[in-house]
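Reading through the structure tokens given below for one structure.
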Protein chains: 2
Amino acid sequence: MEAQIDEILRKNQLSVTGSRKRILELFLASNGALAHGDIEKKTGEKFDRVTVYRTLQTFLEKGIIHTIPTPDNSVLYALCKDNCTEGHHHDNHVHFICRECGKTICLADITIPEVKLPGGFLPHEYQMIVTGLCKECR
Amino acid sequence: MEAQIDEILRKNQLSVTGSRKRILELFLASNGALAHGDIEKKTGEKFDRVTVYRTLQTFLEKGIIHTIPTPDNSVLYALCKDNCTEGHHHDNHVHFICRECGKTICLADITIPEVKLPGGFLPHEYQMIVTGLCKECR
DNA sequence: CAAACGCATGCAACTTTGTTGCAAAATGAT
DNA sequence: ATCATTTTGCAACAAAGTTGCATGCGTTTG
Ligand SMILES: [Mn+2]
Ligand SMILES: [Mn+2]
Ligand SMILES: [Zn+2]
Ligand SMILES: [Zn+2]
């Protein structure tokens, strides 16, 4: 894990610092998405709030994580697949949000289906969010 | 319009007040979705910020409007179709957000396609957001 | 139409969330 | 070990959202 974390940071030309290692560790350990608040809670007093914001921002820019829009408009972040880069993301998968436990899961294998738009609209990116009950809560 | 507004409020057992009429009017006049900030700007000093929050909350609960999750995690609201009620919504249509002008449009005729989930997940509601360029901006 | 009731509003105070500038500290290269 | 460059923490601020309470307005009833 330690090695994996270092590798991800190095690959993205980021210096290896305490907060980056810790936050990346949290993402790798969690199988779901994390909110800014989750991260703050889990890191405790260890890092400043501002550092968490800036670290997430950096990870976003590098394509290490992506955001997930949620129906209640909270901000969630999840690890990107390996082939995401600064410019180009490949996160065209469906996201599932459990309305019971709140867990948000990247369904990496479920590709967002195509949809035909009315004339005039030029689509660029598709997002699909499914809410419901997860395995544990149903 | 005035009559239409009254009818919507009455149908939902809401008293007809200044702020509710004005905010509903804004939604009916706009063909896109509105953010809380948009509404505040357009109503000016006429109503308190808190009143706008509470009015939107009430409309949400009654099923008069629905929220739209956006990739940048801002909160957008749009009118529901007639057959939405307190408990049950029928807003299973695609939403389009223009990345140039920011306008958000309900594609009421475009139904969200079905998608097969891995075993264990019990889906309840589907959301689909497409970003890109609208007719005016392309 | 007047009176009375109950809900909606405005205001103030507060919390939460996110941003910015700057000095000190940590990192990576030499 | 030294130095240049980033990153961090702190403080101050701005924006966004919430809550309690007294007052005002809309609705109902007689
Ligand atoms: Mn994902
Ligand atoms: Mn809609
Ligand atoms: Zn669950
Ligand atoms: Zn546009």
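Computed from a prediction, not measured in an experiment: that's the story for all the values here. Keep in mind that the numbers below use all heavy atoms, side chains included, and drop hydrogens, waters and symmetry copies. Naming: A, B, ... by sequence-line order, numbering from 1 per chain.
Nucleotide dT7(D) holds its C1' atom 13 Å from the CG atom of L9(A), rounded to whole Å. For the pair L56(A) CG and dT7(D) P, the computed distance is 14 Å after rounding to whole Å. Atom CZ in F47(B) sits roughly 12 Å away from atom P in dC25(D) (whole-Å rounding). The CZ-C1' distance, from R10(A) to dT27(C), rounds to 10 Å in whole Å. Atom P of nucleotide dT6(D) and atom CG of N12(A) are separated by 16 Å, given to the nearest angstrom. Taking atom NE2 of residue H36(B) and atom P of nucleotide dT18(D), one finds them 10 Å apart after rounding to whole Å. Per the geometry, CD belonging to Q57(A) stands 16 Å off C1' belonging to dT8(D), to the nearest Å. The CG-P distance, from D6(B) to dT27(D), rounds to 9 Å in whole Å.
Using a 30° and 60° split on the angle between ring planes, H93(A) and H66(A) fall in the perpendicular class, above 60°.
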Apply salt bridge (charged side-chain N to carboxylate O under 4.0 Å, His left out) to the pair K21(B) and E2(B), showing each step before the final yes or no. CA-CA 8 Å; K21(B) 279 197 287 186; E2(B) 184 80 17; 3.7 Å; yes
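In terms of polar N and O atoms assigned as donor or acceptor, the side chain of R54(A) comes within less than 3.5 Å of the base of dG9(D) in a complementary pairing. Within 3.5 Å, a donor on the side chain of R49(B) pairs with an acceptor on the base of dG17(D), or the reverse.
Close to dT7(D), at under 4.0 Å from its OP1 or OP2, lies no side-chain N or O of T51(A). A sub-4.0 Å separation between OP1 or OP2 of dT9(C) and a side-chain N or O of S19(B) is present. OP1 or OP2 of dT8(D) lies within a sub-4.0 Å distance of a side-chain N or O belonging to T17(A).
For T55(A), the listed nucleotide lying nearest its side chain is dT8(D); candidates were dT18(D), dA11(D), dT8(D). In this structure, of dG17(D), dA12(C), dC10(D), it is dG17(D) that holds the atom nearest to the side chain of Y53(B).
Backbone-only contact: R20(B) has heavy atoms under 4.0 Å from sugar-phosphate atoms and none from a base.
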